[in-house]
Amino acid sequence: MPLYSKVMLRVRFAPSPTGFLHVGSARTFIFNWLYARHNGGTMVLRLDDTDVERNTDASVNSIFGGLRWLNLGWDEEYKQSERLALHRQIADAIFQKDLAYRDFTPAHTGDTEKSGANQTWLFNPGMRELSRAESDRRAAAGESFALRFRVPRGRNEQVRFTDAVYGEQVKLADDIEDFALLRSDGMPTYHLASCADDIDLRISHIIRGQDHLSNTYKHALIFEGAAAKIPQFAHLPLLVAPDGSKLSKRRHGPVVSVTTYRDAGFLPEAFINFLCLLGWSPKDNREKMTRHELIEAFSLEGINRANAVVNFKEPAATPDETFDPKALWLNAEHIRALPVSELSAQLLPVVRATGFQVTSEKMDAITPLIRERIKLLRDVLTAADFFFVEKLPPYDPAELIPQKGDAAMALKVLKRAKEVLAQTEFSHDPLDHALRAAAQEMGLKAGQMFQPIRVAVCGRKNAPPLFETLQVLGRDTTLARIDQAIEKLN
RNA sequence: GGCGCUAUCGUCUAGGGGUUAGGACGGAAGAUUCUCAAUCUUCAAACCCGGGUUCGAUUCCCGGUAGCGCUACCA
């Protein structure tokens with residue numbers, strides 16, 4: 001491919017700020033970004049904010065917050081509302097060519113008359129045929145109107161475009177309604193604004209959700225009407241809920257919001273990885289991929305056509321069920337791929353935000369003990385809690401009793417452990433030797449010796465390896481907790 | 001209703017006229033370990049239905065069914 005054509009490759013992500021950043025939108029952004037980076041193109045971020053009624057600042061913040069978290073960046077940024085003159089100019093050009101007409105019918109609320117052959121609304125009666133003179137007169141008189149595209153009728157004309165994912169698309173113009181370009185308040189509609197900006201910003205590839213596939217015929221008409229080159233389209237299969245329905249905040253709650261993933265402790269790298277695997281495949285069985293590998297592997301040919309299910313549990317019984325198990329697994333993979341120092345630095349703010357005082361040195365020591373035991377960053381709070389608290393939360397003393405043992409054995413073990421630990425160096429090998437020797441002395445299996453100690457210091461049976469844990473905890477805390485355990489048994 | 005898109009294990013997917021239909025997550029069993037993880041091994045699990053075309057269709061074509069999308073002066 002010649003260099004210049006790569007330089008000219010321009011894609012855009014054009015969210016409308018009417019809600020929080022949706023995971024589906026995030027994926028669209030990512031695919032655009034990947035395509036741009038793979039081809040050395042330009043990534044444009046454009047806020048499609050022509051719906052003044054529904055725009056909110058909170059939404060703008062959510063979108064930018066989410067995108068910044070993704071940490072992918074973009075090259076150019078625009079706001080549609082600042083480009084209204086351009087939209088009207090293009091609308092006017094289309095109108096001057098008589099490819100659009102003024103519709104003075106008042107904006108309706110309920111059902112409309114069906115003017116089409118198949119009881120489908122195609123246009124409002126009488127407006128298409130209005131003479132230019134009459135139309136001008138009524139407009140001059142101050143009558144408000146919407147500007148509608150004059151879709152070719154009754155000539156069996158076909159509108160066509162090629163989609164990089166869905167192939168050749170053809171539709172009869174007679175099945176397309178006379179869609180609005182300008183509203184009666186003079187604001188451009190989405191279709192007009194979007195196409196006008198795509199033309200002006202010289203967008204070469206439009207990669208967006210499949211929900212726009214049917215709209216693309218209208219867009220093709222606009223591009224053609226504006227004498228512009230039609231960009232390459234690539235529609236993405238939609239992300240849907242386990243029951244096949246569209247992901248919606250109202251029905252599915254926070255699962256659909258990018259911030260939910262961020263707040264739970266997904267690594268952006270893993271989140272991106274997960275989203276890429278929904279509706280796209282590198283076709284070589286790779287699953288865990290870095291962003292660089294994704295850039296390298298990404299192509300429009302790898303996108304498939306069927307909607308992808310985000311496999312969360314509808315009523316989540318556990319917090320983890322809010323997420324697709326594969327997302328969790330990928331996050332765990334990416335966590336384990338992080339150097340300890342980096343993971344530790346990521347974990348630190350999570351721990352501190354909960355109110356625990358931890359030094360970064362201590363966190364560095366804890367991190368290797370838990371990094372194979374957490375799927376989400378927030379799991380540090382449950383996996384390593386006993387390192388942070390002064391006093392262990394209450395636990396059942398029965399937990400202290402080892403396999404095939406009784407309370408008496410637990411007591412015996414703990415008392416002996418106290419003696420041993422009082423005079424053993426607190427590092428792995430000495431602890432290992434001393435404790436195993438003590439077990440043997442008492443005629444116990446290593447596990448029978450270790451479990452009461454583990455429960456005494458961790459407050460539960462499932463925890464990181466014992467010697468490393470003791471080392472991080474230190475002698476004072478260890479002995480104090482063993483004392484507390486002995487009290488519990490008495 | 002009209003128009004369009006889609007259909008491989010529970011989920012994400014690979015594949016493709018002749019294959020033991022491959023991988024991953026999740027599930028089950030086992031190995032390993034001081035528990036839990038991690039790791040390793042093994043197992044169960046799929047071509048929506050019906051017609052064609054063909055020597056042979058899961059793959060190509062048609063129909064059905066189902067799901068989804070669009071059908072606004074929302075985007």
Side-chain angles (χ1 to χ4, degrees), chain A residues 14-19 48-51 53-54 103 105-109 112 114 116-122 144-148 163 166-167 169-172 174-177 179-191 193-194 209-218 235 237-238 240 242-246 274 277-288 304-312 324-330 332 336 369-375 383 403 432 435-436 439 445-451 453-455 458 460-467:
Chain A
S16 52
T18 55
D48 278 9
D49 56 351
T50 55
D51 188 356
E53 301 284 303
R54 297 199 306 152
D103 182 348
T105 313
H108 61 265
T109 42
T112 22
K114 310 289 189 188
N118 303 307
Q119 359 158 235
T120 303
W121 181 86
L122 252 24
S144 72
F145 60 87
L147 191 71
R148 288 188 183 282
D163 189 274
Y166 290 92
Q169 302 293 313
V170 187
K171 187 172 184 167
L172 232 36
D174 294 275
D175 287 326
I176 302 168
E177 78 278 8
F179 54 94
L181 260 19
L182 251 25
R183 303 175 198 161
S184 47
D185 61 2
M187 285 294 281
T189 61
Y190 161 74
H191 300 302
S194 175
Q210 192 244 50
D211 47 346
H212 284 297
L213 191 61
S214 320
N215 287 331
T216 306
Y217 296 102
K218 295 171 190 169
H235 286 90
L238 264 22
V240 297
D243 66 355
S245 67
K246 195 172 165 172
F274 169 64
L277 261 18
L278 296 175
W280 173 81
S281 162
K283 296 187 189 288
D284 58 6
N285 284 345
R286 273 186 295 175
E287 301 277 344
K288 190 207 152 220
N304 67 14
R305 286 170 281 274
N307 290 172
V309 172
V310 180
N311 197 18
F312 57 87
D324 191 316
K326 194 157 205 163
L328 255 11
W329 170 76
L330 272 171
R336 290 194 290 267
L369 305 190
I370 60 164
R371 78 173 190 151
E372 281 170 356
R373 275 162 261 263
I374 60 175
K375 292 188 159 98
Q403 284 282 303
D432 189 333
L435 257 16
R436 279 184 202 277
K445 291 193 164 186
Q448 289 178 306
M449 177 83 195
F450 297 163
Q451 189 192 309
I453 303 172
R454 173 179 295 113
V455 173
C458 300
R460 65 182 125 88
K461 286 179 179 169
N462 299 346
L466 188 59
F467 313 129

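Protein chains get the first letters and strands the later ones, always in sequence-line order, with residue 1 at the start of each.
- Taking every side-chain heavy atom of Ser281(A) into account, U13(B) is the closest of U13(B), C73(B), C68(B).
- OP1 or OP2 of C73(B) lies within a sub-4.0 Å distance of a side-chain N or O belonging to Arg148(A).
- Residues Thr120(A) and Glu177(A) are not in side-chain contact: their nearest non-hydrogen atoms beyond the backbone lie 4.5 Å or more apart.
- Rounding to whole angstrom units, CH2 of residue Trp329(A) and C1' of A38(B) are separated by 13 Å.
- Computed from coordinates, the Glu372(A) CD to C40(B) P distance equals 11 Å when rounded to whole Å.
- Look at Arg436(A) and you'll find a side-chain N or O under 4.0 angstrom from OP1 or OP2 of C34(B).
- Nearest approach of Ser16(A) to Asp48(A), heavy atoms of both residues: CB-O, 3.1 Å.
- Base pairing of C9(B): no nucleotide in any strand meets the Watson-Crick or G-U wobble criterion (both distances under 3.5 Å).
- Leu466(A) comes within contact range of at least one nucleobase, with a heavy-atom separation under 4.0 Å.
- For the pair Gln169(A) and Leu213(A), the tightest heavy-atom approach, listed with the atom from each and the gap, is OE1-CD2, 4.3 Å.
- If you take NZ of Lys461(A) and P of U33(B), they are 21 Å apart, rounded to a whole angstrom.
- Residue-to-nucleotide contacts include no donor-acceptor pair under 3.5 Å from the side chain of Lys283(A) to the base of A14(B).
- In this structure, the nucleotide among A38(B), C12(B), C73(B) sitting nearest to the side chain of Ala107(A) is C73(B).
- Summarising the geometry, the separation between CG on Asp174(A) and P on G4(B) is reported as 13 Å, rounded to the nearest angstrom.
- Taking atom CG of Asn307(A) as the reference point, atom P of C70(B) lies 11 Å away to the nearest angstrom.
- When the nearest nucleotides of RNA chain B are assigned to Gln169(A) and Ser144(A) by heavy-atom distance, the more 5′-ward of the two goes with Gln169(A).
- The nearest heavy atom of RNA chain B to Trp280(A) and to Asn462(A) marks one nucleotide each, and the one closer to the 5' end goes with Trp280(A).
- Among the atoms of the strands shown, only primed sugar atoms or phosphate atoms (P, OP1, OP2) are found under 4.0 Å from some heavy atom of Glu177(A).
- Note on Asn215(A): every side-chain N or O is 4.0 Å or more away from OP1 and OP2 of G69(B).
- The side chain of Thr120(A) sits closest to G1(B) out of G1(B), U11(B), C34(B).
- One atom, NZ of Lys218(A), and another, C1' of C3(B), lie 11 Å apart when rounded to the nearest Å.
- Ion pairing of Arg286(A) with Asp284(A) is present here, as a side-chain N (NZ or NE/NH1/NH2) and a carboxylate O approach within less than 4.0 Å.
- In this structure, CD1 of Ile176(A) is placed 20 Å from P of G69(B), rounded to the nearest angstrom.
- Searching all strands for a Watson-Crick or G-U wobble partner of G50(B) with both distances below 3.5 Å returns C62(B).
- Two residues are said to be in side-chain contact when any heavy atoms from C-beta on lie closer than 4.5 Å; Thr189(A) and Phe179(A) fail this criterion.
- With hydrogens and angles left out, the side chain of Arg54(A) and the base of C74(B) share a donor-acceptor pair within 3.5 Å.
- Residue Ile374(A) contributes atom CD1, which lies 14 Å from atom C1' of C36(B) at whole-angstrom precision.
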